[in-house]
Structures are given as C-alpha cells and as structure tokens.
Amino acid sequence: MPEQSVPEQSVPAQSGPGQAVPGQSVPTGSPTGPRVRRPVARVVGAAVAAVSIAVAAFGSVTSAAAGGDPTRSVTLVAPAAAGGGWDGVARSMQQAQRANGIVNAVQVVNMPGAGGTIALGNVARLAGQTDTLLVGGTGLLAAEIQFGSAVTHDDITPLAVTVEEYDVIVVPADSPYETLDDLVAAWRERPGSVPWTGGGSFDQLVVTDLAVSAGIDPTDTNYIPSDGGGEAIQALLNGTAAAASGGYPDNIDQIESGRLRALALVAAEPVDGIDIPTAVEQGHDVTLTNWRMIAAPGGLDDDQRTQLTDIVLDTVRTPEWADAMQRYHWTERIITGGDLDAFIDEERERIQGLYEELGR
C-alpha cells in the first residue's frame with residue numbers, strides 16, 4: 001500500500017471542565033494503591049478531559065475512532081511542543097518508519113501541558129488500542145511525581161527505552177571554577193552564593209543529585225529555573241547564574257566555541273566522542289540520565305505488546321534512526337519487557353527520593 005500523507009497537528013493544553021469522549025474507557029487511577037493527591041492533580045485531570053475532547057474533534061489521535069492494525073497506521077504523541085527532545089524522538093521515529101515501510105501512515109501529534117501528563121492521560125484513555133504510541137522518559141516520569149498525576153505509568157504499556165541523553169555541568173568560560181571540585185567546594189561553603197540554573201525540571205533533579213552526593217542540603221541551593229536550554233545558557237553568559245546543568249546537545253556549541261567550560265558529564269561511564277570527564281570519575285555518584293521511552297495505551301495482551309515492541313525495535317535499527325542519534329547526540333540504550341518494568345520502578349523510586357530531598 002502506498003504511503004499516505006497525514007497532516008501533523010499540535011493540540012494545545014487546555015484547562016477547565018470537560019466530559020468523557022464517547023467510546024473511550026476512563027481509567028480510575030493507579031492500581032498500585034492510594035496516592036496523595038495535590039490540588040494540581042485535579043487541574044491536570046480537568047485539562048486531560050478538555051484536551052481529550054479537542055483530540056477527538058480534530059481527529060488527531062486516530063485510535064480514538066478505531067484500534068486498527070499498527071503496521072498500517074500509527075499516531076506518535078509527543079507530550080510537549082514541537083522542537084523539544086520528545087518531539088525530536090517522535091519525528092525521527094516517524095521518518096524512519098515511513099522510509100522503511102515499517103508503518104504505512106505515521107502522524108505526529110504534539111500535546112503539551114503539565115510536564116507531559118496531559119498526553120499521558122489521553123493515551124491512557126485509549127486502553128486496549130494499539131495504533132497510538134507515546135514518547136516519554138525521565139521527564140514524564142518526573143512530572144507524574146511532581147504533579148501528583150492521577151494517571152501514572154501503571155496505566156500505560158511501556159514498550160522500550162531507546163536512547164538516553166546526558167546532562168553536562170557547565171560554567172562560563174571566565175568562571176573561577178576550573179574543575180567540578182572547585183565548584184562543589186565553593187557551593188558547599190556557601191550554598192546560596194552559587195546560583196544554579198537549568199533548562200527544565202530534569203536539570204534541577206541532576207543538580208539535586210549532585211548536592212546530595214556532595215553533602216549539601218538541596219533546599220539551601222539557589223536554583224533559578226529557566227524556560228529551556230537556551231535561556232539557561234543566557235543566564236550563565238549574563239552572570240545571572242554561576243553554574244548550570246543542561247543537556248549535552250543544548251550546550252555543545254557553546255562549549256566548542258569556548259563560551260562555556262564543561263566541568264563534568266553526568267553519565268555512569270565515559271562516552272565515546274565526548275571528551276568531558278564524568279562526575280563519577282571525579283568522585284560524585286551522579287548518574288541520572290534523560291532516557292527516552294516509547295509506550296502504548298494500557299490493557300494490551302502479550303501478543304499486542306510484543307508486536308508493538310518489535311515495531312519500535314525495527315525502527316531503531318534503521319539508517320534514518322542512526323542519523324538521528326548522531327544529529328541529536330543520543331546514546332543507544334535498549335530496555336524492553338520485564339527489565340523495562342523493573343527499570344521504571346527503580347527510576348520512579350529514585351526520582352521520588354530526589355523530590356523528597358527538595359522538600360516536595
């Protein structure tokens with residue numbers, strides 16, 4: 001069958017009262033037991049309902065109408081606006097699947113809001129359907145915890161972690177901190193006098209992890225949130241912040257141009273092609289990575305999960321995906337099946353602990 005061209009759409013986050021979409025089951029929450037509900041969870045729940053109506057109205061999520069064959073048509077949901085990391089994964093996967101006939105018709109839907117939990121809730125509502133896939137990862141799992149989301153990863157079907165991206169600790173080129181030890185020593189002596197920044201909640205978790213490793217109370221840290229990696233870099237260059245944790249792809253150009261100095265790569269082991277010492281090599285057990293995962297709605301049987309997992313694995317074996325990995329400076333990390341379920345549980349516990357260190 002010839003490839004079909006489907007317009008790519010963006011569904012903005014909305015809030016306010018909503019109603020259930022006809023023909024869709026509405027999950028009641030995590031089966032793992034009661035969770036503490038913060039007020040924001042009710043806001044997220046209302047926004048999920050409202051966006052679900054918009055999705056159904058515009059026909060963005062094709063499986064809302066039918067749970068068809070995923071080799072014929074798939075919708076890839078990026079839980080953020082176009083241009084970010086999740087969007088890059090979705091569009092790279094779309095290109096690879098189209099070019100190699102893995103899926104005949106592939107569309108990408110951007111569904112931003114509440115750290116990705118708007119999209120999480122919408123995909124969870126498609127229980128039992130196999131032609132919608134969700135891009136997620138560390139940031140989405142963190143948002144689930146941060147926002148006290150009523151819908152969790154227990155309500156979807158994780159298929160595969162595909163890649164991971166590393167943060168890098170950077171300072172301005174003229175900074176007095178020549179090494180990570182120099183930075184940590186000054187930070188430990190007067191925690192509030194070393195202002196940090198980062199491009200998102202994941203970056204703050206990395207700073208928190210470094211603080212804990214260094215024996216610094218994270219709540220004493222002066223952390224200035226930035227709206228994206230570009231804004232964080234500007235905060236460094238104009239002197240608003242003294243140090244930052246940010247994605248290596250966001251910072252590589254500034255590092256290579258000499259405007260920023262890289263002090264540490266946040267990775268468990270040295271990475272080929274990245275000439276930056278890891279935090280671990282410098283005595284700090286900080287290894288939180290920004291991994292990217294593909295998931296499907298919940299309620300799938302073993303055969304359906306296997307079929308969708310195979311589609312993802314076929315995709316990441318293509319030349320187009322290899323090109324994307326090089327372009328985005330991703331590192332391959334494949335985790336599937338029971339290992340993936342255990343990995344998500346471990347990461348949830350780890351991230352929950354970091355938020356507790358922040359007093360949240």
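If you read the sequence from its start, that first residue is 1, and numbering goes on from there. Predicted model, so just to flag it, every value in this text is computed and none were measured.
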Student check: side-chain heavy atoms of [X] and [Y] closer than 4.5 Å:
| X | Y | value |
| --- | --- | --- |
| F147 | I118 | no |
| S201 | Y355 | yes |
| D131 | D69 | no |
| T157 | P297 | no |
| T71 | I102 | no |
| L288 | L205 | yes |
| V212 | P218 | yes |

Taking [Y]'s backbone N and O only, do any of them form a donor-acceptor pair with [X]'s side chain (distance below 3.5 Å, no angle check)?
| X | Y | value |
| --- | --- | --- |
| E349 | E346 | no |
| E231 | D227 | yes |
| T306 | D302 | yes |
| D345 | A342 | no |
| E320 | Q95 | no |
| S175 | V171 | no |
| D155 | T152 | yes |

Measure across [X] and [Y] and return the closest heavy-atom pair with its distance rounded to 0.1 Å.
| X | Y | result |
| --- | --- | --- |
| V207 | W196 | CG2-CE3, 3.6 Å |
| A114 | A143 | O-CB, 4.0 Å |
| L263 | Q282 | O-NE2, 2.9 Å |
| A80 | N110 | O-ND2, 3.0 Å |
| M293 | P158 | SD-CB, 3.7 Å |
| V168 | A262 | CG2-CB, 3.9 Å |

Nearest 0.5 Å, please: how far is [atom2] in [Y] from [atom1] in [X]?
| X | Y | atom1 | atom2 | result |
| --- | --- | --- | --- | --- |
| I224 | L236 | CD1 | CG | 9.5 Å |
| Y177 | L183 | OH | CG | 6.5 Å |
| I145 | T117 | CD1 | OG1 | 12.0 Å |
| I216 | L210 | CD1 | CG | 7.0 Å |
| T318 | D323 | OG1 | CG | 8.5 Å |
| I233 | N238 | CD1 | CG | 12.0 Å |

field: NZ/NE/NH1/NH2 to OD/OE distance under 4.0 Å, E144 and R348
entry: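 Looking at E144 and R348, the cut-off is met.
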My understanding is that only residues two or more places apart in sequence, or in another chain, count here; which of them pass side chain to side chain donor-acceptor pair (under 3.5 Å) with [X]?
| X | result |
| --- | --- |
| Y328 | none |
| T287 | R350 |
| D339 | none |
| T197 | S226 |

message: Can a side-chain donor-acceptor contact be found between Q97 and T315 if the only test is distance below 3.5 angstrom?
response: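 A donor-acceptor contact under 3.5 Å links the two side chains.
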task: Would you kindly say whether T278 and E281 are connected by a side-chain donor-acceptor distance under 3.5 Å?
output: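 A donor-acceptor contact under 3.5 Å links the two side chains.
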Listed partners of [X] passing salt bridge (charged side-chain N to carboxylate O under 4.0 Å, His left out), at least two apart:
| X | result |
| --- | --- |
| D181 | none |
| D341 | R305 |
| E178 | R261 |
| D314 | R317 |

field: Within residues 331-353 or reaching into it, pairs that qualify as ring pair (Phe, Tyr, Trp, His ring centres under 6.0 Å) - sequence neighbours excluded
entry: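 Residue pairs passing ring pair (Phe, Tyr, Trp, His ring centres under 6.0 Å), neighbours aside: W291-F343.
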field: Residue pairs involving residues 78-110 (criterion ring pair (Phe, Tyr, Trp, His ring centres under 6.0 Å); sequence neighbours excluded)
entry: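 Non-adjacent pairs meeting ring pair (Phe, Tyr, Trp, His ring centres under 6.0 Å): zero.
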field: Stepwise side-chain contact (heavy atoms from CB on, under 4.5 Å) check, V74 with L76
entry: CA-CA 6 Å; V74 158; L76 293 166; 4.2 Å; yes
query: Step by step, would you call D203 with Y223 a side-chain contact (heavy atoms from CB on, under 4.5 Å)?
result: CA-CA 10 Å; D203 299 330; Y223 186 87; 3.9 Å; yes
query: Any side chain to side chain donor-acceptor pair (under 3.5 Å) pairs touching residues 158-173, not counting sequence neighbours?
result: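 Qualifying pairs, neighbours excluded: E164-Y166, E164-T289, E164-R333, E165-R292, D167-S245.
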message: Please evaluate residues D87 and V135 with respect to the criterion side-chain contact (heavy atoms from CB on, under 4.5 Å), reporting the C-alpha separation (whole Å), side-chain torsions for both, the decisive distance (0.1 Å), and the verdict.
response: CA-CA 8 Å; D87 180 69; V135 180; over 6 Å; no
side-chain contact (heavy atoms from CB on, under 4.5 Å) assessment of S92 paired with R327: CA-CA 10 Å; S92 298; R327 183 167 64 253; 3.9 Å; yes
For a quick test of your reading: what N or O donor-acceptor pairs under 3.5 Å do the side chains of residues 246-256 make, sequence neighbours left out?
from : atom 1 : to   : atom 2 : distance (Å)
N251 : ND2    : G247 : O      : 2.9
Q254 : OE1    : R259 : NH1    : 3.4

